[in-house]
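This report refers to the structure that appears directly beneath it.
Predicted model only: the values in this text are computed from it and were never measured.
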Amino acid sequence: MKLTILGGGGFRVPLVYGALLQDHAEGRVTHVVLHDLDAGRLSAVTRVLAEQAAGVPDAPEVTATTDLDEALRGADFVFSAIRVGGLEGRAHDERVALAEGVLGQETVGAGGIAYGLRTVPVAVGIAQRVARLAPDAWVINFTNPAGLVTEAMSRHLGDRVIGICDSPVGLGRRIARVLGVENPGEAWIDYVGLNHLGWVRGLRVAGRDELPRLLADPDLLGSFEEGKLFGTDWLRSLGAIPNEYLHYYYFNREAVRAYQQAEKTRGAFLHDQQARFYAEMRNPDAPALTVWDRTRAEREATYMAENRESAGAGERDEDDLSGGYERVALALMRAIARDERTTLILNVRNQRTLSVLDAEAVIEVPCLVDANGAHPVTVDPLPDHATGLVCAVKAVEREVLAAAGSGSRATAVKAFALHPLVDSVNVARRLVEGYTEVHPGLAYLR
């Protein structure tokens, strides 16, 4: 079975390959094709993968190419993890927004809109080429903003594109851990929303909802990441556990202030950190896997550091420093390729799951997965406060898609202005001006 990874020179690709190395069952991935526009990054990551595979019998063969069509032909699965504009582009997204006093995070607020505007046209082009060159392939999208990009690609690939994210997985794992659930895989997580905008409303073990027990115990509730980040009083008021990215909404002023006061933005930090990694990889004697693992550990430990600092949440727990999206990707591929039925929280078209959104809207929700793809599970309606946020942000995503399709600068301004975290039409206009000045990829906006 052939897996093509777009963005194959990306830093987190070894996480996916590491998961594949642990899969020895029949019908597994036997050939991995890495595609990237940067041959140097491809070479660096290929070295890391070779060291991972050392001593592993029947490790998947790895090839690398800068030719997209070559990479796609014959693919059974396509894993899309591209970053249009690179980390330099992310740093620009953050700086332009923060200069206007609004959030520049890569998936939330102004930064997420800017990233979406330059990513959607590229993602659409990829979807069209997959439809032409590998029509039977399944596309697993991790490219951010994951829900928005998945929806853009679904207009050309239908339900054969599925978005994944590690945030709901990590959240469910943390809740299960503090509740003493021995096997988190046996718990049913009642989670619903959009990507980076969802809530856990229940966690059922053997048919019993254990979340009320957590909400009723301040010590338990305050013992894990979300309890420290949001505060136990707020979580009990919500009656749910929000995805960590909702900290940007519920504590927006504090988050913006923390990011403005930080020595570097997250994008700038990652840009410099990864530049050092790829530079070190140009030394043929460097121990590739050791250097990569050291860099990864630093990356994970500093994740959302500004938010945790503003909330007084302290350091991340050791158990939260391992990845998660690679396990979701592998479980998804296995379920489809082998008809190993499972339940995963995924980004898929709504169909009739949330009545407040239309059938084509991509949402993040538990899905039953089998050989025919991912099927969203019926869920209870969201409470009004969550419905309002979901509908507002989905409306913004639709304006981003419209602007990317038409090239309309006015529609792009509308997308920024309508976002709950951008509080002025004039700010929205200045954001579009600022982003078009620093991003060549937004030259299409007229």
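Side-chain contact between V256 and L98 is present, with at least one heavy-atom pair separated by less than 4.5 Å. Between V422 and H419 the shortest side-chain heavy-atom distance falls below 4.5 Å. Contact annotation: the side chain of I82 approaches that of V84 to within less than 4.5 Å [non-hydrogen atoms, C-beta and beyond]. Between T143 and I126 there is no side-chain heavy-atom pair separated by less than 4.5 Å. Annotation: side chain of F77 is not in contact with side chain of T4 (no heavy-atom distance under 4.5 Å). Counting only heavy atoms from C-beta outward, the side chains of N243 and W199 never approach each other to under 4.5 Å. At least one side-chain heavy atom of E364 sits less than 4.5 Å from a side-chain heavy atom of C165. With a 4.5 Å cut-off on side-chain heavy atoms, R160 and V139 do not count as touching.
A salt bridge does not link E100 with R95: every distance from a Lys NZ or Arg NE/NH1/NH2 to an Asp or Glu carboxylate oxygen is 4.0 Å or more. One finds a salt bridge joining E340 and R334 here, because a Lys/Arg side-chain nitrogen approaches an Asp/Glu carboxylate oxygen to under 4.0 Å. For the pair D190 and R201, the salt-bridge criterion is met [side-chain N within less than 4.0 Å of a carboxylate O]. Taking 4.0 Å as the cut-off between side-chain N and carboxylate O, E433 and R430 do not count as a salt-bridged pair. One finds no salt bridge joining R83 and E88 here, because no Lys/Arg side-chain nitrogen approaches an Asp/Glu carboxylate oxygen to under 4.0 Å. By the 4.0 Å N-to-carboxylate-O rule, D293 lies close enough to R296 to be salt-bridged with it. The pair D166-R12 counts as a salt bridge, with a side-chain nitrogen and a carboxylate oxygen less than 4.0 angstrom apart. The pair D23-R338 meets the salt-bridge criterion, since a charged nitrogen lies less than 4.0 angstrom from a carboxylate oxygen.
When atom types are taken as modelled, the side chain of E360 and the backbone of R349 share no donor-acceptor pair closer than 3.5 angstrom. Formation of a donor-acceptor pair under 3.5 Å by the S43 side chain with backbone atoms of A39 is not found in this model. In this structure, the side chain of T66 does not engage the main chain of L37 through any donor-acceptor pair within 3.5 Å. Between the side chain of Q274 and the backbone N or O of F277, no donor-acceptor pair lies under 3.5 Å. Between the side chain of N350 and the backbone N or O of D358 there is at least one donor-acceptor pair closer than 3.5 Å. Remark: side-chain polar atoms of Y17 are paired, donor with acceptor, to backbone N or O of P60 under 3.5 angstrom. No donor-acceptor pair under 3.5 Å is formed between the side chain of K414 and the backbone N or O of A403. Side-chain atoms of S154 come within 3.5 Å of backbone atoms of E151 as a donor-acceptor pair (strictly under, hydrogens ignored). Between the side chain of R236 and the main chain of L215, a donor-acceptor pair closer than 3.5 Å is present. Judged by distance alone, the side chain of W138 and the main-chain N or O of I162 form no donor-acceptor pair under 3.5 Å.
For the residue pair Y278 and D38, no side-chain donor N or O sits within less than 3.5 Å of a side-chain acceptor on the partner. A donor atom on one side chain and an acceptor atom on the other are found under 3.5 Å apart for H375 and D370. Remark: the T63 side chain and the E61 side chain contain no N/O donor-acceptor pair separated by less than 3.5 Å.
When all heavy atoms are compared, the tightest approach of N144 to Y115 is O-CE2, 3.2 Å. Closest of all the heavy-atom pairs between A417 and A428 is N-CB, 3.5 Å. What you find for L445 and S408 is that their closest heavy atoms are CD2-O, 3.8 Å. Closest non-hydrogen pair, G112 versus P145, comes out as O-CG, 3.5 Å. Across every non-hydrogen atom of C367 and P376, the tightest pair is SG-CA, 3.8 Å.
Taking CG of L68 as the reference point, atom CZ of R73 lies at 9.5 Å (rounded to 0.5 Å). Of the inter-residue distances, the one linking M333 atom CE with I140 atom CD1 reads 5.0 Å to the nearest 0.5 angstrom. Distance check, rounded to the nearest 0.5 Å: CD of E94 to NZ of K264 gives 12.0 Å. Going from atom CG of D93 over to atom CD1 of I113 covers 10.5 Å, rounded to the nearest 0.5 Å. Note that OH of Y444 and CZ of R409 are 11.5 Å apart. Values are rounded to the nearest 0.5 Å. Atom CZ of R173 and atom CD1 of I189 lie 10.0 Å apart (nearest 0.5 Å).
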Practice problem: Verify side-chain hydrogen bond (donor to acceptor under 3.5 Å, both in side chains) between Y248 and Y259, making sure each step is shown before the conclusion. | Solution: CA-CA 11 Å; Y248 294 115; Y259 275 73; 2.8 Å; yes
Quiz prompt | Verdict with reasoning, Y250 to W234, per ring-ring contact (aromatic ring centres under 6.0 Å, His included) | solution = CA-CA 9 Å; Y250 294 146; W234 181 237; 5.3 Å; yes
Quiz prompt | Trace of the side chain to side chain contact (heavy atoms under 4.5 Å, CB included) decision for H35 with I5 | solution = CA-CA 6 Å; H35 172 269; I5 302 180; over 6 Å; no
Practice problem: Under the side chain to side chain contact (heavy atoms under 4.5 Å, CB included) rule, what do N347 and N141 come out as? Steps first, then yes or no, please. | Solution: CA-CA 9 Å; N347 287 269; N141 178 62; over 6 Å; no
Quiz item: Given V400 and R398, is the side chain to side chain contact (heavy atoms under 4.5 Å, CB included) satisfied, shown in steps?
Solution: CA-CA 5 Å; V400 172; R398 290 289 170 74; over 6 Å; no
Exercise. Dump the intermediate steps for side chain to side chain contact (heavy atoms under 4.5 Å, CB included) on Y325 and L15, then the final yes or no.
Key: CA-CA 9 Å; Y325 82 98; L15 292 172; 4.0 Å; yes
Practice problem: Show your working on salt bridge (charged side-chain N to carboxylate O under 4.0 Å, His left out) between K228 and E244 and close with a plain yes or no. | Solution: CA-CA 11 Å; K228 299 173 185 176; E244 60 199 345; over 6 Å; no
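Using the six-membered ring where Trp is involved, F416 and Y435 have ring planes that are parallel, under 30° apart on the 30 and 60° scheme.
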